[in-house]
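Take a look at the structure below.
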Protein chains: 2
Amino acid sequence: MTTHVPRARLVRNSKPLRRAEEIIDAAARVFAERGYHGTSTQAIADVLGMRQASLYYYFTSKEAALEAVCLRGTDGFVEAAEAVVKSKGAPLDKLARLIAAHLAPIETRQDYVKVFINERRYLPDASRRRLGRKTRAIERSFEHVIRAGIADGSIVRGTDARLAMLAVLGMCNAVINWRASDQGKDMGRIAAQFAKLIANGLAANAGDAGGQGRRHA
Amino acid sequence: MTTHVPRARLVRNSKPLRRAEEIIDAAARVFAERGYHGTSTQAIADVLGMRQASLYYYFTSKEAALEAVCLRGTDGFVEAAEAVVKSKGAPLDKLARLIAAHLAPIETRQDYVKVFINERRYLPDASRRRLGRKTRAIERSFEHVIRAGIADGSIVRGTDARLAMLAVLGMCNAVINWRASDQGKDMGRIAAQFAKLIANGLAANAGDAGGQGRRHA
DNA sequence: CATAGATTCTATAGCAGTATAGAGCAAGCC
DNA sequence: GGCTTGCTCTATACTGCTATAGAATCTATG
């Protein structure tokens, strides 16, 4: 049944992958800039200096290309987040590391992540749901750590964990959309400031310079 | 030269505006759901139960429709923000009110705001720049209040005002993208929690239940 | 009813974009 | 050299979409 392949396979041994990645990389770049529906396969081909039709040797449809880009856009996120959750440390410390881990890929794989965040909604149901599971895994990690903080008293009682999680992730994910125009900010610095903001807020109250005074409710 | 109008004018006396608004409202709805480039004029017409070509009586191009939607998407934002800035009150209190004012339209004009946030980048340069001015005005309001807080010592010294502003707005704007799936949360409650989070952070340190202990660095 | 203005309709030009078919070409191996 | 495999090309079918032209309908008013 799968004897005759209707189309050449991407996956071969070693070198061929190179090219395939260049293709997907170009797609990511253009999708990120113009959005999925705003991108023509011609535009992707232009970036690569090849013919529009040649792209179809690498993916079976534009949608498939989007899926490939989105998939790479989530690579490592879940694993990194779950590693932090399983690690040792106080909840607020873990939260800081979650934020850093979440922002890191934004630095190194801007286009992929941007496409994942902004364009995944245009995927067909099947693949969108698959990616949805990843998103939810990340959300769960953040929410879990926040709940742990509430449980051990290091996070304010009465905090709506889910809402706080959405706030933190919203803040982090937004970075992808201003990063291009606001260059020059080091991502590590951003992560640090965000973590501090989330932990202590902006108010110049007690624990300003670093007061780690943990005190149960 | 402009003697013969190439196309009927939208603006008349009173009733006609009604219909025009229904059209724009439908456009907002579909743009919000499928994105600008993912929306065909046919899809907008379907919502209205009219023919695709009839839409062009109300706008001259799909782009013009997007612009109209985006414009309405910013209505009130700038004014509300600047009113808060000019009002009396401590910076952190103003910031809380800024957040509330910023979230309110998300409640009442979801589609418009969502389109403004997610699709304005597809506008032609001219109109995008015009909207960019509004965006920057809002950013300025937030940043200004934060700076005021730093200046009077109510906000932590050394805070990167611009980064903090981007964090807060990122957090707020993200709401538009999960609000649909996460119904049931009252917007006022969200605003209150966000304000508290931004002011005091999640950490259960000193000023938990309401300790207003202001202390300069 | 006739006229005017406003609104919607039918029909269609014309272009852009996705995807397929199949030829050509380069490299490596027999 | 001849065969195979991998990659790219040309050419094109086909669809869907934007926008225009102009006829038809509806509404109000004299």
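This is a predicted model, so every value here is computed, not measured. Proteins come first, then strands; the chains are lettered A, B, ... in the order of their sequence lines, and each starts at number 1.
Of all the residues in residues 62-73 of chain B, B/K62 reach under 4.0 Å from DNA chain D with at least one non-hydrogen atom. Near DNA chain D, defined here as any heavy-atom distance below 4.0 Å, the residues from residues 48-55 of chain A are A/M50, A/R51, A/A53, A/S54, listed numerically. Residues from residues 33-46 of chain A with heavy atoms under 4.0 angstrom of DNA chain C, sorted by number: A/T39, A/S40, A/T41.
For the residue pair A/S141 and A/E82, no side-chain donor N or O sits within less than 3.5 Å of a side-chain acceptor on the partner.
Heavy atoms from other residues, nucleotides or ligands lying under 6.0 Å from NE2 of A/H144 number 12 at most. More than 12 heavy atoms of other residues, nucleotides or ligands shown are found within 6.0 angstrom of CZ on B/R121.
Rounded to whole Å, atom C1' of C/dG17 lies 13 Å from atom CZ of A/F31. Rounded to whole Å, the distance from OH on A/Y56 to C1' on D/dA11 is 16 Å. The nearest whole Å value for the distance from the CZ atom in B/R18 to the C1' atom in D/dT27 is 18 Å.
For the OP1/OP2 pair of C/dT7 and a distance below 4.0 Å, the side-chain nitrogens and oxygens of B/Y57 include at least one atom meeting the criterion. The side chain of A/R19 contributes an N or O atom lying less than 4.0 Å from OP1 or OP2 of D/dT8.
In this structure the side chain of A/E63 reaches within 4.5 angstrom of the side chain of A/Y36, judged on heavy atoms. Using a 4.5 Å cut-off on side-chain heavy atoms (C-beta onward), A/I146 and A/I150 make contact. By the 4.5 Å heavy-atom criterion applied to side chains, B/C70 and B/V115 are counted as neighbours. In this structure, the side chains of A/L163 and B/L197 stay at 4.5 Å or more apart for every pair of heavy atoms. The side-chain heavy atoms of B/V85 and B/R140, taken from C-beta on, include no pair separated by under 4.5 Å. Contact annotation: the side chain of B/K114 never approaches that of B/E33 to less than 4.5 Å [non-hydrogen atoms, C-beta and beyond].
Note that the OG1 atom of B/T74 and the NZ atom of B/K134 stand 3.5 Å from one another [nearest 0.5 Å]. Here the NE2-SG distance, from A/H102 to A/C172, works out to 5.5 Å after rounding to the nearest 0.5 Å.
You'll find that the side chain of B/Y58 is closest to C/dT7, out of D/dT8, D/dT20, C/dT7.
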